[in-house]
Participant: 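The structure that follows is given in the form of structure tokens.
Order of listing sets the numbers, starting from 1, for every ligand and every atom in it.
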Amino acid sequence: MVKPDGVQRGLVGEIISRFEKKGFLLKGLKLFQCPEELAKEHYRDLQSKSFFPKLIQYVTSGPVVCMAWEGVGVVASARKLIGATNPLEAQPGTIRGDLAIQTGRNVIHGSDSPENGQREIALWFKEDEIY
Ligand code: ATP
Ligand code: MG
């Protein structure tokens, strides 16, 4: 998911391009204003963290671009393409390493396991939006 800062900064094309060039297959794509309840459900594992309210405010602050990508090892590979949570610790060449500075404005979300990937696709997309 390209987060609101990534959309506002015009980074959607660049980000999609990196996944396409890597060889993954685009299965779903939409611009979407995330309701607060969905953001809370999506990040439910982080609800006890002090930054949780700010995180919910951030991901609901404007439209996001939801993407579903398919391919061998896509979840682990996407996390490598995305880079570390803190963009200042993310390697150059990664999306966060190249395009962001702040943890609280780190441009993109990626699922952290295949199981969570499935859970998140079901949360963010209707069945007929996945090809
Ligand atoms: P994401 O789940 O968004 O792909 P991630 O898996 O790298 O990111 P998580 O630990 O799942 O990192 O945190 C989710 C998001 O919460 C981060 O991407 C970041 O936007 C925000 N976040 C995490 N830690 C902090 C922090 N210490 N301060 C502010 N925001 C944070
Ligand atoms: Mg995460």
Side-chain angles (χ1 to χ4, degrees):
M1 169 181 81
V2 184
K3 293 174 175 176
D5 56 323
V7 175
Q8 284 157 19
R9 291 174 56 206
L11 300 175
V12 174
E14 159 98 31
I15 289 170
I16 289 176
S17 178
R18 290 185 182 212
F19 285 89
E20 284 188 318
K21 284 182 197 159
K22 178 71 178 169
F24 294 124
L25 182 63
L26 188 59
K27 303 288 285 186
L29 178 70
K30 67 177 178 185
L31 189 65
F32 180 69
Q33 175 62 51
C34 176
E36 196 177 310
E37 287 318 305
L38 175 58
K40 286 180 174 166
E41 177 61 23
H42 173 80
Y43 279 125
R44 67 178 178 194
D45 292 348
L46 300 174
Q47 58 190 316
S48 62
K49 304 281 185 189
S50 60
F51 58 80
F52 187 73
K54 275 201 162 168
L55 174 59
I56 299 307
Q57 201 177 31
Y58 166 40
V59 296
T60 59
S61 65
V64 299
V65 169
C66 310
M67 305 177 290
W69 291 97
E70 184 179 86
V72 178
V74 65
V75 171
S77 176
R79 303 240 350 142
K80 284 187 191 156
L81 292 174
I82 289 169
T85 306
N86 180 348
L88 293 182
E89 287 166 10
Q91 292 296 312
T94 65
I95 292 168
R96 288 170 176 162
D98 289 346
L99 304 174
I101 298 171
Q102 298 178 58
T103 301
R105 289 279 178 277
N106 60 1
V107 172
I108 183 168
H109 160 76
S111 305
D112 59 14
S113 67
E115 296 69 31
N116 276 334
Q118 291 297 340
R119 180 181 93 90
E120 290 168 10
I121 287 170
L123 268 181
W124 289 86
F125 287 98
K126 298 182 186 124
E127 231 170 274
D128 65 0
E129 290 173 334
I130 299 295
Y131 289 86

Participant: Considering only heavy atoms from C-beta outward, does the side chain of H109 approach that of K3 to under 4.5 Å?
Facilitator: yes
Participant: Could you check whether atom CD1 of I101 has more than 12 heavy atoms from other residues, nucleotides or ligands sitting under 6.0 Å from it?
Facilitator: no
Participant: Name the closest protein heavy atom to atom 3 (O) of ligand 1, giving the residue it belongs to and the distance to 0.1 Å.
Facilitator: Y43 OH, 2.7 Å
Participant: Does ligand 1 have any atom that is closer than 4.0 Å to a heavy atom of E120?
Facilitator: no
Participant: If you have a sec, work out which protein heavy atom is nearest atom 9 (P) of ligand 1 and how many Å separate them, to one decimal?
Facilitator: L46 CD1, 4.2 Å
Participant: Should the proximity of H42 to ligand 1, defined as any heavy atom under 4.0 Å, be assigned to the side chain, the backbone, both, or neither?
Facilitator: neither
Participant: Mark yes when over 12 heavy atoms from residues, nucleotides or ligands other than K30 sit less than 6.0 Å from its NZ; otherwise mark no.
Facilitator: yes
Participant: Does R105 have a non-hydrogen atom less than 4.0 Å from ligand 1?
Facilitator: no
Participant: Measure the distance from atom 26 (C) of ligand 1 to every protein heavy atom, then report the residue, atom name and distance (to 0.1 Å) of the closest one.
Facilitator: F51 CD2, 3.4 Å
Participant: Tell me the closest heavy-atom pair linking S77 and K22, and the distance in Å.
Facilitator: OG-CE, 3.4 Å
Participant: To check you understand the geometry: which heavy-atom pair defines the closest contact between R96 and T85, and what is its length?
Facilitator: NH1-CA, 3.3 Å
Participant: Return the closest protein heavy atom for atom 8 (O) of ligand 1 as residue, atom name and distance.
Facilitator: R96 NH2, 3.3 Å
Participant: Assign the ring pair F24 / F19 to parallel, tilted or perpendicular, where the plane angle (0 to 90°) is split at 30° and 60°.
Facilitator: tilted
Participant: Pairs of nitrogen or oxygen atoms closer than 3.5 Å, one from Y58 and one from ligand 1: do any exist?
Facilitator: no
Participant: Among all protein heavy atoms, pick out the one at the shortest distance from atom 1 (P) of ligand 1; state its residue, atom name and that distance to 0.1 Å.
Facilitator: H109 ND1, 3.1 Å
Participant: Which protein non-hydrogen atom lies closest to atom 15 (C) of ligand 1, naming both residue and atom, and how far is it?
Facilitator: L55 CD1, 3.8 Å
Participant: Look at atom 20 (O) of ligand 1 and say which protein heavy atom is nearest, naming residue and atom and giving the distance to 0.1 Å.
Facilitator: T103 O, 3.1 Å
Participant: Identify whether L26 and V75 are in the same connected component of the hydrophobic contact network (ILVMFWY, side-chain heavy atoms under 4.5 Å).
Facilitator: yes
Participant: Classify the contact between K3 and ligand 1 as side chain, backbone, both or neither, using a heavy-atom distance cut-off of under 4.0 Å.
Facilitator: side chain
Participant: Check each atom of ligand 1 against the heavy atoms of N106 and keep those under 4.0 Å away; list them by number with element.
Facilitator: 17 (C), 18 (O), 19 (C), 20 (O)
Participant: Would you say K49 contacts ligand 1, with heavy atoms under 4.0 Å as the rule?
Facilitator: no
Participant: Pairs of nitrogen or oxygen atoms closer than 3.5 Å, one from G110 and one from ligand 1: do any exist?
Facilitator: yes
Participant: Any chance CD of Q91 has more than 12 other-residue heavy atoms, nucleotides or ligands included, within less than 6.0 Å?
Facilitator: no
Participant: Return the closest protein heavy atom for atom 12 (O) of ligand 1 as residue, atom name and distance.
Facilitator: T85 OG1, 3.3 Å
Participant: Could you tell me whether R18 and E14 make a salt bridge, using a distance below 4.0 angstrom between a side-chain N and a carboxylate O?
Facilitator: yes
Participant: Provide the closest heavy-atom pair for Y43 versus V59 in the form atom of the first, atom of the second, distance.
Facilitator: CE1-CG1, 3.9 Å
